[in-house]
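Worth knowing before you read on, the calculation uses all heavy atoms, side chains too, and leaves out hydrogens, waters and symmetry mates. In the text below, chain A, chain B and the rest are named by the order of the sequence lines, each starting its count at 1.
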2 protein chains.
Amino acid sequence: MASADAPYPVQEIADAWERERPGMPVSSIGIVTPLWQLAKLLGDDRRRVLARAGVDTATLDLLSVLRRAGTPYTLSTRELAARSMVTAGAISQRVARAEREGLVVRRPGEGRPRTVWVELTPAGHTLVEETVDRVLHRETELVSGLKPDQQEQLADLLKLLLQDVQTRLGDDRITQVGE
Amino acid sequence: MASADAPYPVQEIADAWERERPGMPVSSIGIVTPLWQLAKLLGDDRRRVLARAGVDTATLDLLSVLRRAGTPYTLSTRELAARSMVTAGAISQRVARAEREGLVVRRPGEGRPRTVWVELTPAGHTLVEETVDRVLHRETELVSGLKPDQQEQLADLLKLLLQDVQTRLGDDRITQVGE
DNA sequence: AGGCCTAAATTTAGGTCTGAACGTATGACG
DNA sequence: CGTCATACGTTCAGACCTAAATTTAGGCCT
């Protein structure tokens, strides 16, 4: 039972709203919907790829962030939360699970007040090395349907949109939406 | 405690892997990472917008699919699963929750063997009408940083990539990844 | 006609996330 | 120098999802 086999056509969604509720602003659907569907498809696929290696995506994300940081493969939980885009609570739980499996260790203290440092263990390092290139190869393959210049164009537009959305959210967070 | 405030720069991720593991295929990162980050940012925002209206995203998704289908606002659970891109089990739970709140009703039988029809109630219909345009206005606003021709270009590229990834997953599902 | 098989929904077990409540140590300030 | 405010990690309750086990209603074959 795969979770996401055949995304419902984006155009039909916009058309349906236009038909059912004429006048609705449907322009964003052409961007937001495929964006969401792609994220779902790619996320599901990554989960399946990693499941074969006995890891889950949340744990690999944690290990990857630490691995990418370079020696000594250590970051504070706050840094981890920011780079992973999840809440502090989620990081606490991720770290607890990974620690239980011996992939990271927590070292309290030794820095700013109340800071907890999280460090990759050799086992964690090994696991990352074994799985990350599988994921990257797989994803390179999955986007290979686009020609190099299309990939570049897409990456540029996504980057632009991301930066813009980011600043908007930073500003608007408090502002009421609608009226 | 917002969950996703400041995405970690995509370029730094690719650079870090190139530095830590020279030779890794990093080209997909420029697409997959911002895609994922945007989906997260937009999803978190939608959740916040809907929370104010007392709905969760999963329930609104269910109601929206039914509403878009038009009169008589009824679909089978299988149809719902396909259009929502989640498993049958998830649909079962979504419907159970929505039914508990009086937003939909389940009508067993009346068709092909073992089919269960799910229908929007007046309360569900009302809730959808009240919230959908809030979401669409908000999302229109969020993508408005891109100029109309950029939006169109982005929508086209996403559509192209989505179609391609979709066929690849349909074919490759069984194929081993890596070696 | 009876029993098996299959398809479809549901239930269950396990894992993850958010948001809020909690505990606590540090630093500031009187 | 003691108290209080604050910042930060953790814990907890509530939702949600997937994958696998379970249930059940028909259909089919002998």
Salt bridge between B:R19 and B:D15, side-chain N to carboxylate O under 4.0 Å?
-> no

Quick one: is B:S92 getting a side-chain N or O under 4.0 Å of the C:dA9 phosphate, OP1 or OP2?
-> no

Is the shortest side-chain N/O distance from A:R106 to OP1 or OP2 of D:dT10 below 4.0 Å?
-> yes

Side-chain contact test, heavy atoms from C-beta onward, threshold under 4.5 Å: evaluate it for A:V132 versus B:W17 and give yes or no.
-> yes

Out of C:dT18, D:dT10, D:dC17, whichever nucleotide has its closest atom nearest the side chain of A:Q93 | C:dT18

Distance below 4.0 Å between B:T77 side-chain N/O and C:dA9 OP1 or OP2 | yes

How many Å lie between CZ on B:R107 and C1' on C:dA9, as a whole number?
-> 17 Å

Pair A:R48 + A:D44: basic N to acidic O under 4.0 Å | no

Contacts table for residues 58-69 of chain A: side-chain donor-acceptor under 3.5 angstrom, sequence neighbours left out:
| unit_1 | atom_1 | unit_2 | atom_2 | d |
| --- | --- | --- | --- | --- |
| A:T59 | OG1 | A:D56 | OD1 | 3.1 |
| A:T59 | OG1 | A:D56 | OD2 | 3.1 |
| A:D61 | OD2 | A:R94 | NH1 | 2.8 |
| A:S64 | OG | A:L60 | O | 2.8 |
| A:R67 | NE | A:H125 | NE2 | 3.3 |
| A:R67 | NE | A:E129 | OE2 | 2.6 |
| A:R67 | NH1 | B:E20 | OE1 | 2.6 |
| A:R67 | NH2 | B:E20 | O | 3.4 |

Does B:R78 have a side-chain nitrogen or oxygen under 4.0 Å from the phosphate oxygens OP1 or OP2 of C:dA9?
-> yes

Which residue pairs satisfy the ring-ring contact (aromatic ring centres under 6.0 Å, His included) criterion with at least one member in residues 142-165 of chain B, sequence neighbours excluded?
-> none

Electrostatic pair B:E119-B:R106, nearest N-O below 4.0 angstrom = no

For residues 56-66 of chain B, which residues have at least one heavy atom under 4.0 Å from DNA chain D?
-> B:D56, B:A58

Please set out all donor-acceptor pairs under 3.5 angstrom arising from side-chain atoms of residues 145-162 of chain A, sequence neighbours excluded.
| unit_1 | atom_1 | unit_2 | atom_2 | d |
| --- | --- | --- | --- | --- |
| A:Q150 | OE1 | A:K147 | N | 2.9 |
| A:Q151 | NE2 | A:V143 | O | 3.1 |
| A:Q151 | NE2 | A:L146 | O | 3.0 |

Looking at residues at least two apart in the chain, or sitting in another chain, which of them share a side-chain contact (heavy atoms from CB on, under 4.5 Å) with A:E12?
-> A:Y8, A:P9

Passing candidate, side-chain contact (heavy atoms from CB on, under 4.5 Å) with B:T121, options B:T126, B:V105, B:L127 = B:V105

Counting side-chain heavy atoms from CB outward, which of D:dA19, C:dC17, D:dG9 is closest to B:T87?
-> D:dA19

Would you please confirm or rule out a distance under 4.0 Å between OP1 or OP2 of D:dC17 and any side-chain N or O of B:R97?
-> yes

Can you tell me if the side-chain N/O atoms of A:R47 get under 4.0 Å from OP1 or OP2 in C:dT16?
-> no

Roughly how bent is the helix from C:dA1-D:dT30 to C:dG30-D:dC1 end to end, in steps of 10 degrees, with each end axis from five pairs?
-> 10°

Using only side-chain N and O atoms of B:R48, determine if any of them is under 4.0 Å from OP1 or OP2 of C:dT18.
-> no

